[in-house]
Visitor: 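Following this message is one structure expressed as structure tokens.
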Protein chains: 2
Amino acid sequence: MVPKWTDEQLNAAFAALADPVRRALIARLSRSPATVNELAEPFPITKQAVSKHLQVLEQARLITRTRDGQRRPCHLDPAALEAVTGWIDRQRLVAEQQFRRLDTVLENLKEKEP
Amino acid sequence: MVPKWTDEQLNAAFAALADPVRRALIARLSRSPATVNELAEPFPITKQAVSKHLQVLEQARLITRTRDGQRRPCHLDPAALEAVTGWIDRQRLVAEQQFRRLDTVLENLKEKEP
DNA sequence: AACTTGATCAACCGATGGGTTGATTACTCA
DNA sequence: TGAGTAATCAACCCATCGGTTGATCAAGTT
């Protein structure tokens with residue numbers, strides 16, 4: 001079971017994932033941890049901007065940061081991503097149950113009125 | 001396979017899900033379709049604001065809207081939600097593969113240096 | 001000590017987002 | 001036709017966001 005996801009944390013996580021730069025950062029970090037400079041290199045924006053993006057991801061608990069000398073490597077937290085899909089999957093589950101229920105209702109109607 | 005999700009559509013979908021009102025609307029719609037007035041009723045904001053939220057969800061293709069007289073009922077599109085989880089799941093998959101690979105590296109080191 | 005390097009802080013700017021009120025469109029019904 | 005109702009449009013307000021530049025901090029390097 002996931003730690004306990006408040007509405008605010010869901011807000012933060014989804015908002016964090018809404019930006020293409022941040023999604024790219026996550027995709028990069030899914031391969032291996034990396035420092036701010038390494039992460040910033042491929043982007044046409046300043047290192048400060050990337051640093052801000054990483055703060056957003058960290059606040060959303062999608063990444064964690066450790067210390068290694070003057071470097072501050074970022075690590076992806078897959079469990080947090082799983083928690084996000086959890087919310088979506090619950091909604092889909094309910095919706096699909098309703099669809100199935102509607103199907104059976106239509107089946108019954110068909111039987112009674114041929 | 002999912003229709004083909006552009007970066008813009010992912011932006012729109014995640015941004016749409018980042019708002020608690022819109023998530024509540026989706027949760028409501030997962031149970032059954034509903035009109036704007038029905039959807040707006042539980043919220044302490046104006047009908048116009050809810051209408052805007054629904055436009056955001058529609059633009060993100062998370063809901064569709066039909067016509068019934070002067071009503072415009074909203075329907076959830078579970079397939080769209082599935083597409084969103086798709087992106088996340090791919091990232092998690094890669095990340096977890098890397099973790100496993102790291103584990104085997106550590107295993108090998110342990111064997112060589114006991 | 002002086003210098004370089006990784007990263008953040010601070011202040012600012014333009015754009016976007018969520019909300020409001022007021023007017024308007026479009027359908028229903030008497 | 002005219003009144004009532006579902007929903008949207010339009011204009012505006014204020015807060016937040018993504019980005020910049022310039023300064024600052026902290027850890028290595030020589």
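So you know, we letter chains A, B, ... as the sequences are listed, proteins then strands, and number each from 1.
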Visitor: Take the protein atom CZ of B/Arg65 and the nucleotide atom P of D/dA6, then report the distance between them rounded to whole Å.
Guide: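 Distance, rounded to whole Å: 14 Å.
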Visitor: Would you kindly compare A/Ala15 and A/Gly69 by the position of their nearest DNA chain D nucleotide and give the one closer to the 5′ end?
Guide: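 Mapping each residue to its closest nucleotide by heavy atoms, the 5'-most match is A/Ala15.
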Visitor: Does OP1 or OP2 of D/dG18 have a side-chain N or O of A/Gln48 closer than 4.0 Å?
Guide: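 Checking A/Gln48 against D/dG18: no side-chain N or O falls below 4.0 Å of OP1 or OP2.
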Visitor: Nearest whole Å is fine: how far is D/dG28 P from A/Arg71 CZ?
Guide: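 My rounded result for the distance is 10 Å.
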Visitor: Would you check if the side chain of A/Arg22 reaches a backbone N or O of A/Ala16 as a donor-acceptor pair within less than 3.5 Å?
Guide: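 Confirmed, A/Arg22 side chain pairs with A/Ala16 backbone.
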Visitor: Quick one: CG on A/Leu39 to CG on A/Leu25, what's the gap to the nearest 0.5 Å?
Guide: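 A/Leu39 atom CG to A/Leu25 atom CG measures 5.5 Å (nearest 0.5 Å).
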Visitor: To the nearest 0.5 Å, what is the distance between CD (A/Gln97) and CG (A/Leu93)?
Guide: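 One finds 4.5 Å between CD of A/Gln97 and CG of A/Leu93.
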Visitor: Please give, in whole Å, the distance from C/dC9 C1' to A/Leu54 CG?
Guide: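 Rounding to the nearest Å, CG of A/Leu54 and C1' of C/dC9 are 15 Å apart.
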Visitor: Between B/Asp89 and B/Arg92, does at least one N-O distance fall below 4.0 Å, as a salt bridge requires?
Guide: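 So B/Asp89 pairs with B/Arg92 through a salt bridge.
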Visitor: If I take atom CD in residue B/Gln55 and atom P in nucleotide D/dA7, what distance separates them, rounded to the nearest angstrom?
Guide: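 Taking CD of B/Gln55 and P of D/dA7, I get 13 Å after rounding.
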Visitor: For C/dG19, does the base pair up with any side-chain atom of B/Lys52 as donor and acceptor (N or O, under 3.5 Å, distance only)?
Guide: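 Indeed, a donor on one side and an acceptor on the other fall under 3.5 Å apart.
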Visitor: As a test of reading the structure: which of C/dT28, D/dG28, D/dT8 is closest to the side chain of B/Gln70, going by heavy atoms?
Guide: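 Per side-chain heavy atoms of B/Gln70, the pick is C/dT28.
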Visitor: Do you see a donor-acceptor pair shorter than 3.5 Å between the side chains of A/Asn37 and A/Arg71?
Guide: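 No.
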Visitor: So, is A/Arg72 near the phosphate of D/dA26, with a side-chain N or O under 4.0 Å from OP1 or OP2?
Guide: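 So the side chain of A/Arg72 is outside the cut-off, no N or O lying under 4.0 Å from OP1 or OP2 of D/dA26.
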Visitor: Can you list, by residue number, the residues of residues 25-47 of chain B that have a non-hydrogen atom closer than 4.0 angstrom to DNA chain D?
Guide: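 The answer is B/Thr35, B/Val36, B/Asn37, B/Lys47.
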Visitor: For the residue pair B/Phe14 and B/Trp87, categorise the inter-ring angle as parallel (less than 30°), tilted (30 to 60°) or perpendicular (more than 60°).
Guide: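 The arrangement is perpendicular - the two ring planes meet at more than 60°.
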Visitor: Can you tell me which nucleotide in D/dG19, C/dT8, D/dT5 comes closest to the side chain of A/His53?
Guide: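 So the side chain of A/His53 is nearest to D/dG19.
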Visitor: Please report the distance, rounded to the nearest Å, between CD in B/Gln59 and P in D/dT8.
Guide: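 Checked: the CD to P distance equals 14 Å.
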Visitor: Give, for atom CG of A/Leu62 and atom CD1 of B/Ile88, the distance between the pair rounded to the nearest 0.5 Å.
Guide: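 Reported value, rounded in 0.5 Å steps: 8.5 Å.
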Visitor: In whole Å, what is the span from the CG atom of A/Asn11 to the P atom of D/dA15?
Guide: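 Distance, rounded to whole Å: 19 Å.
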